**Student:** 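Right, I'll just put the structure down here and ask away after.
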Amino acid sequence: MMFAEIRKDYLDAGAVCPLAFVLCTIGRSPTQGSMRRPEGFVYHHVIWVEQGEGLFVANGQTRRLGPGEGMFCRKDVPHSYEAGEHGLATRWVTFLGGEGVLEYYRVPEAFFFHVTPALSASTTELGELCAGNSTIISRSAAGYTWLTEWLGTEFAPNATLAFRVLQYLETHFAEPVTLDEVAEAVQMNRYSLCRQFAKEQKHTVMEQLKRIRIAKAKQFLRYTTFSIEEIGKMSGYADPSYFGKLFRMETGRSPGEYRREVNR
């Protein structure tokens, strides 16, 4: 099983990534061969062992990994891996973008990790999405969620309240989010949440949700052919009239005017 992005205009590793996240490849290899990349790879690279064992080297660190153990390398970081005497089956994901998340969590150039059931399940879901009737926008959104949820688990102690709230809103923006739900997700009462978030960010939780939804709507309008009503629902607004009114208030243009302008 393997997915490889075919939109070459989104795969230029030397350019500014046009989306927050671009999933480049995802798949499994039942008979993983040797790989040596002294100059690194053009994409960020996540790989782990499903069966057998292998010798993995990343940025000068060497580990012998077995089932359920993996390695992450940022792009251009030297690394290599080779099968042990009993063979090696791997699973991998490569991607571009996500630098804001990587920097926020202070993710090193390379690190080794243990695969959790949540990571395995979310990677399976991501692969199924890519194998189905998906668009580069839906793959970008799902991939960004996959990355933030994984790194949020790996590096949770470094996360501020604001980032945990942003992570939740980025994941659930299409749903009818309430303050009580956000508060429960970050394990705070709603009053403390509102006060501390506003102190850190200088605006409210619901204002942040609106900003995320409008930003997503802009992406959908620019890169998809869904109707404006459908995009409103995908962005968290079930009422088309309210979506149109709010979009105009935030951008100075209606959704239709914005789409025509950016797609000239």
Side-chain angles (χ1 to χ4, degrees), residues 16-22 97-105 129 134-149 151-152 159-263:
V16 176
C17 188
L19 295 174
F21 182 99
V22 174
E99 270 71 21
V101 180
L102 296 175
E103 293 305 320
Y104 180 83
Y105 280 120
L129 171 73
S134 62
T135 66
I136 192 165
I137 288 293
S138 62
R139 293 191 292 272
S140 174
Y144 187 84
T145 298
W146 171 85
L147 180 67
T148 56
E149 289 181 346
L151 294 182
T160 64
L161 169 67
F163 190 83
R164 286 185 287 138
V165 170
L166 290 172
Q167 184 180 46
Y168 183 85
L169 296 180
E170 284 278 1
T171 304
H172 299 277
F173 70 89
E175 304 167 16
V177 176
T178 67
L179 275 174
D180 286 332
E181 290 170 341
V182 180
E184 182 179 356
V186 298
Q187 300 180 330
M188 295 180 70
N189 68 65
R190 59 181 292 173
Y191 303 106
S192 298
L193 164 65
C194 292
R195 184 171 60 253
Q196 188 171 334
F197 185 86
K199 181 178 179 181
E200 289 185 22
Q201 299 297 103
K202 310 305 179 186
H203 56 261
T204 68
V205 173
M206 301 315 285
E207 173 66 23
Q208 182 63 52
L209 176 61
K210 181 178 68 175
R211 293 181 182 187
I212 291 172
R213 285 173 166 172
I214 294 299
K216 298 295 184 182
K218 287 180 177 180
Q219 287 185 330
F220 293 141
L221 288 166
R222 182 167 187 171
Y223 296 110
T224 76
T225 58
F226 291 114
S227 70
I228 291 173
E229 181 176 352
E230 289 174 316
I231 288 173
K233 292 178 180 178
M234 292 164 61
S235 303
Y237 297 109
D239 184 340
S241 297
Y242 181 68
F243 169 59
K245 178 181 178 180
L246 186 63
F247 192 92
R248 182 181 287 277
M249 288 174 59
E250 294 298 312
T251 68
R253 290 158 288 183
S254 70
E257 290 169 341
Y258 178 84
R259 168 175 269 174
R260 288 190 293 272
E261 181 177 316
V262 298
N263 289 321

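All values derive from a computational prediction rather than experimental measurement. The figures that follow rest on heavy atoms only: side chains count, while hydrogens, waters and symmetry mates do not. Count residues from 1 along the sequence.
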**Student:** Taking it one step at a time, do Phe243 and Ile228 satisfy side chain to side chain contact (heavy atoms under 4.5 Å, CB included)?
**Tutor:** CA-CA 9 Å; Phe243 169 59; Ile228 291 173; 3.9 Å; yes
**Student:** If I compare all heavy atoms of Thr148 with all of Thr145, which pair ends up nearest, and what's the gap?
**Tutor:** OG1-O, 3.1 Å
**Student:** Verify the neighbour count for atom CD of Gln187: are there more than 12 heavy atoms of other residues, nucleotides or ligands below 6.0 Å?
**Tutor:** no
**Student:** Do you know the tightest heavy-atom contact between Arg248 and Ser254?
**Tutor:** NH2-CB, 3.4 Å
**Student:** Side chains of Val186 and Tyr168, heavy atoms from C-beta outward: is any pair under 4.5 Å?
**Tutor:** no
**Student:** Between Phe197 and Gln208, is there a side-chain heavy-atom distance shorter than 4.5 Å?
**Tutor:** yes
**Student:** Got a second to check how far Leu151's CG is from Tyr105's OH, nearest 0.5 Å?
**Tutor:** 7.0 Å
**Student:** Given Glu170, which of Lys216, Arg211, Arg164 fulfils the salt bridge (Lys or Arg N to Asp or Glu O under 4.0 Å) condition?
**Tutor:** Lys216
**Student:** Donor-acceptor check, side chain of Arg222 to backbone of Val262, threshold 3.5 angstrom: yes or no?
**Tutor:** no
**Student:** Enter the distance from Ile214:CD1 to Phe173:CZ here, rounded to the nearest 0.5 Å.
**Tutor:** 11.5 Å
**Student:** Give a yes or no answer on whether the side chain of Thr251 reaches the backbone of Phe247 with a donor-acceptor pair at less than 3.5 Å.
**Tutor:** yes
**Student:** Is there a side-chain contact between Val182 and Arg190 (heavy atoms, below 4.5 Å)?
**Tutor:** no
**Student:** Taking side chain as C-beta onward, heavy atoms only, is Ser140 less than 4.5 Å from Val22?
**Tutor:** no
**Student:** Please round to the nearest 0.5 Å and tell me the distance separating atom OG of Ser235 and atom CG of Leu246.
**Tutor:** 10.5 Å
**Student:** With a 6.0 Å cut-off on the ring centroids, do Phe226 and Phe220 count as close?
**Tutor:** no
**Student:** Charged N to carboxylate O under 4.0 angstrom, Lys210 versus Glu207?
**Tutor:** yes
**Student:** So how far is it from Ser138 OG to Met234 CE, rounded to the nearest 0.5 Å?
**Tutor:** 7.5 Å
**Student:** Would you say that Thr204 contacts Leu209 through its side chain, given a criterion of any heavy-atom pair below 4.5 Å between the two side chains?
**Tutor:** no
**Student:** Between CD1 of Ile231 and CG of Leu221, what distance do you get to the nearest 0.5 Å?
**Tutor:** 4.0 Å
**Student:** Give a yes or no on whether Glu184 atom CD has more than 12 heavy-atom contacts from other residues, nucleotides or ligands under 6.0 Å away.
**Tutor:** no
**Student:** Just by modelled atom types, is the Thr178 backbone N or O under 3.5 Å from a matching donor or acceptor in the Glu181 side chain?
**Tutor:** yes
**Student:** Glu257 versus Arg260: any side-chain heavy-atom pair under 4.5 Å?
**Tutor:** yes
**Student:** To the nearest 0.5 angstrom, please state how far the CG atom of Leu179 sits from the CG atom of Asn189.
**Tutor:** 11.0 Å
**Student:** Grab the two heavy atoms, one from Val177 and one from Met206, that are nearest each other, plus how far apart they are.
**Tutor:** O-CE, 3.8 Å
**Student:** Among residues at least two apart in sequence or on other chains, which ones pass side chain to side chain donor-acceptor pair (under 3.5 Å) with Glu229?
**Tutor:** none
**Student:** Search all heavy atoms of Leu147 against all heavy atoms of Gly98 and return the closest pair with its distance.
**Tutor:** CD2-CA, 4.0 Å
**Student:** Using a 4.5 Å cut-off on heavy atoms from C-beta on, say whether the side chain of Leu161 contacts that of Leu193.
**Tutor:** yes
**Student:** If you draw the axis of the six-membered ring of Tyr237, does the NZ or CZ of Arg213 fall within 45° of it and under 6.0 Å from the ring centre?
**Tutor:** yes
